[in-house]
Structure formats: C-alpha cells, structure tokens
Q: 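Have a look at the structure that comes next, please.
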Amino acid sequence: MTLSNGSTQRISRRKMIQMSSVVVTALTQANLQAAAPVDEKELIFRTTEPRNGEPDLADLIKSWLTPTKYFYVRSHAPNPVIDADNFRLTIDGMVERTQSLSLKQLKQLPEHTITATLTCAGNRRAEFNSEKAVGGVQWGSAAIGNATWTGVALADVLKLAGLKSEVKHICFEGLDQVEEGSHTIGFGASIPVEKAIKSEEGLGALLVYKMNGEQLTADHGYPLRTVVPGYIGARSVKWLGKITASDRPSLNHFIATAYKLVRETGALDWEEAAPIYRYVINAAIGSIAENSVLKPGPLTVSGYVLPSGRADALVKQVMVSADMGKTWQPAQLQGQQSRYCWQLWQVTVDITTETKQLWVRANDNQGGFMPYRTPWNAKGYMQNSWFKLPVSVQ
Ligand code: MTE
C-alpha cells in the first residue's frame, strides 16, 4: 500500500479487507440518501440507462409546486456517485483568485430560495415525428416541473474569485461521464456573465443544494447543481464540479454543438447556429389523456402554461378550442403568477359530436406566443406548436 507520504508498508490481507470495508461503509453512508433513485413507478422512463423519465401529465398538473417524485429526470450518463464530505467546487479561468470550495464553505454564503420552472428543450419532442422522425429521448409533454430551489447566488461565489474585466461567459462542468464520440466528457454549459451575476433574488443563477426543501436527490444533481431561471434545463448543470470564467462560450459539446436549432446536421450548420438559452412559451392539457372517449356536453379541462423565459414574462392568455379553432374559450389562470414559473389553468368547453381534437394556444406579455406549427428541427427542440389533443366523442 502507498501511504500519503509516498512510503510503502506491508499490510496483512485481513487488515486490508477491514480498511477497505471502512472506506466503502463511509462512502455508502455519505451517499446513501442521495443515491436512492426516485420511485420508478412515479415516472414513465423513456430510457433507464441513462435515466430519462417524465411523470404522467395528470399527476404533473395536480399542484403548482411539483413534488420531487413527479419531477422529470433528464440525464445523459449514469448518476455519478459523489462523496459530499470530500467534494470541492473549483472556480478558475479569468479570475483573480482560483477557488476550491467545500460544501461547508459554500453554505457559509447567504442562502436564497427561489421557485422556478425547469423544462427540457426536448419537451414535446415526439410530436415532431409526424413530420419527420427525430432521434433522442422521445419526450411527451411532461419534461417540465416547478420546484423550490435553495442554494447560494452564483454572483456571490464569483465575487469570492473576483472576475477579470474581460469575462463574458461563465462555464459549468458536471462530474458525470458522458460518452461523446471517442471520449468521455463531463456535461457542460455556459451562460452570459450578465445572467450569471444578476443579484436581484430569483433573476440570476443559483448554485443549489436543496430541491423542494430537501437535499438534492442523485437524479437531480446531488450534491450541487446550477439552476438558471428562464433558460432551458440543459444550462442548469447537475453534479456541478467546476465553474470557469471565460471571454467566450464554453467549448463543451452540449453548448458548442448540441442544444442548437438546425435542420441539417453538417459541421457548418452546427457552427452557424447559436446556442439556445431561454425557453419558449408552452402549454399542454393534462386532465385528459390522448384518445380519451368523451361524452357530448360541457367538459372542464385543465393544464399548464409556461411563459417564455424573459425576465418579466407573465402569461397573458390561454385559449382552448373544441371545434378546430372556429371558436375559442379563454381559460382561467390559477394560483400564483410568479416570474420564471408556470401557471395552471382550467376552462369548461362544449364537447359536441363534431369534436375531434382539443386545441390550446397561449401568449405572454413579452410578445411570446405559441405558433400554429413549430418548424421541424433535426434535434427536436423547442416544440411549442398549438397543443392538439386527439379525442373521440360517443
Ligand atoms: N447536468 C449534467 N451534469 N448532466 C446532464 O445530463 N442534463 C441537463 C441538465 N443538467 C444534464 C445536466 C438537461 S438536458 C436537463 S433538461 C436538466 O438537467 C434536467 O434536470 P433534472 O433531471 O433535474 O430535471
């Protein structure tokens, strides 16, 4: 065995087994709670290796705050097992003082709790297939959730390191190991420095260690993740290990190439397209499943609506039609209207023997609207066409 001072010592095989079991027990205890996966029954897993699951829409719209068990999971690689006691967050790049912070040190900074909706850029991806097949996780409409997030302001962490004046982007890197081409990389992202350092509570990014008041689960990034309100989920890096201040966006695959809107996937197409940052306005019906058999007469339907990810975007209107757009009913927005959060809505529509589909469209006060049809793109991102639910009436 090699000791920490570099010298070697003969240790009996029995002693060795005893020692390794102590290490394993310590690691296992430290990670046991976080490593416990969410109850598989609560999510519909589109893939299990890695874990990609979304809840049933009817469960999702039961409450404005999404219980963690119903919160979608989107991972590109297996959950890394991280020993929180020895965990360090590195802050390097164009900074005055490189930092290596333990969780305890991070938690000494002022704590903030915000409520924010997270949504995957691939939410509703499967709907693109009717035009032309798209690869990737075949998400329905439930890769979205609204939770409370507790942690420290990224701005405060960056202050400890001291940003140099040339810094334009803040890059994040996760501790997971994603197979990408011939090598393995940590999942990464970057955000413009203005977004990173906005200090008004809830506007900038947070480094989060609690979700819905409980320690983060392994699926959601234990022990530390970023949450960037208003941006697609891919910018909220889980299992965060490193922050780098830079004068350019990260070169990590998941921002330099993936998570862009392209029709073709040639090198130039990727190069020319800009990374997606903000999410778009979106809405869905959750109270009725696809192809439900309905009776003629009044029917109350409900769902969610998310305003676009601009700082002051709030939902203006949700409209629902049961006659292919001939007439529209305004839905009632329910519960809190809060920056960077979805809202639930409800409306009673008249179902007739002519009803074939229920349609939903929405707009917000910042000019965001759901288009009749979202242009097809090769990776199936940002699907926010009018939501059209096929039903039959008997
Ligand atoms: N961070 C790491 N390290 N690895 C990942 O695979 N997936 C991203 C983001 N952060 C990912 C990640 C994507 S695409 C989304 S939509 C969100 O995490 C999902 O967060 P959730 O699983 O907590 O819902």
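Along the sequence shown, residues are numbered consecutively beginning with 1.
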Q: Answer with yes or no whether the side chains of Gln329 and Thr327 bring together a donor and an acceptor at under 3.5 Å.
A: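 No, no side-chain donor-acceptor contact under 3.5 Å.
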Q: Is there side-chain contact between Pro307 and Leu314, with at least one heavy-atom pair below 4.5 Å?
A: no
Q: Under 6.0 Å from the six-membered ring centre of Tyr231 and within 45° of its axis: does the NZ or CZ of Lys195 meet both?
A: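 Verdict for Tyr231: a cation-pi partner in Lys195.
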Q: Mark yes or no: Lys316 above the aromatic ring of Phe369, with NZ or CZ under 6.0 Å from the six-membered ring centre and no more than 45 degrees from the axis.
A: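 Judged by the rule (NZ or CZ under 6.0 Å from the ring centre, within 45° of its axis), Lys316 is not positioned above Phe369.
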Q: Please determine whether side-chain contact (heavy atoms from CB on, under 4.5 Å) holds for the pair Met370 and Asn282, giving the CA-CA distance in whole Å, both sets of side-chain angles, and the decisive distance to 0.1 Å.
A: CA-CA 6 Å; Met370 291 167 69; Asn282 219 333; 4.0 Å; yes
Q: What is the minimum heavy-atom distance between Tyr72 and Ala143, and which atoms define it?
A: CD2-C, 3.4 Å
Q: With a 3.5 Å cut-off and no angle check, do the side chains of Asp92 and Thr244 form a donor-acceptor pair?
A: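 Distance-only check passes for Asp92 and Thr244.
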Q: Do any N or O atoms from the side chain of Arg46 and from the backbone of Asn52 form a donor-acceptor pair under 3.5 angstrom?
A: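 Such a contact is absent between Arg46 side chain and Asn52 backbone.
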Q: Please check this pair: side chain of Arg235 against backbone of Ile191, looking for a donor-acceptor N/O pair closer than 3.5 Å.
A: no
Q: For a quick test of reading the model, state the closest non-hydrogen atom pair linking His76 to Pro50 and the distance between them.
A: C-CG, 3.5 Å
Q: Flag the pair Gln383 / Asn123 as yes when at least one side-chain heavy-atom distance between them is below 4.5 Å, and no otherwise.
A: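 SC-SC contact between Gln383 and Asn123 ruled out.
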Q: Could you check, using the six-membered ring where one of them is a Trp, whether Trp149 and Tyr340 have ring centers closer than 6.0 angstrom?
A: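 Not close enough - the centres of the two rings lie 6.0 Å or further apart.
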Q: Check whether any side-chain heavy atom of Asp323 sits under 4.5 Å from a side-chain heavy atom of Thr352, and report yes or no.
A: no
Q: Determine whether Gln343 and Tyr304 make a side-chain contact, defined as any pair of heavy atoms from C-beta on separated by less than 4.5 Å.
A: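 SC-SC contact between Gln343 and Tyr304 ruled out.
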Q: Does the side chain of Thr150 come within less than 4.5 Å of Glu111's, by heavy atoms?
A: yes
Q: What do the steps show when you test Thr217 against Met211 for side-chain contact (heavy atoms from CB on, under 4.5 Å), and what is the final call?
A: CA-CA 8 Å; Thr217 61; Met211 175 179 180; 5.5 Å; no
Q: Could you walk me through whether Thr115 and Gln336 pass the side-chain contact (heavy atoms from CB on, under 4.5 Å) check?
A: CA-CA 11 Å; Thr115 305; Gln336 228 165 305; over 6 Å; no
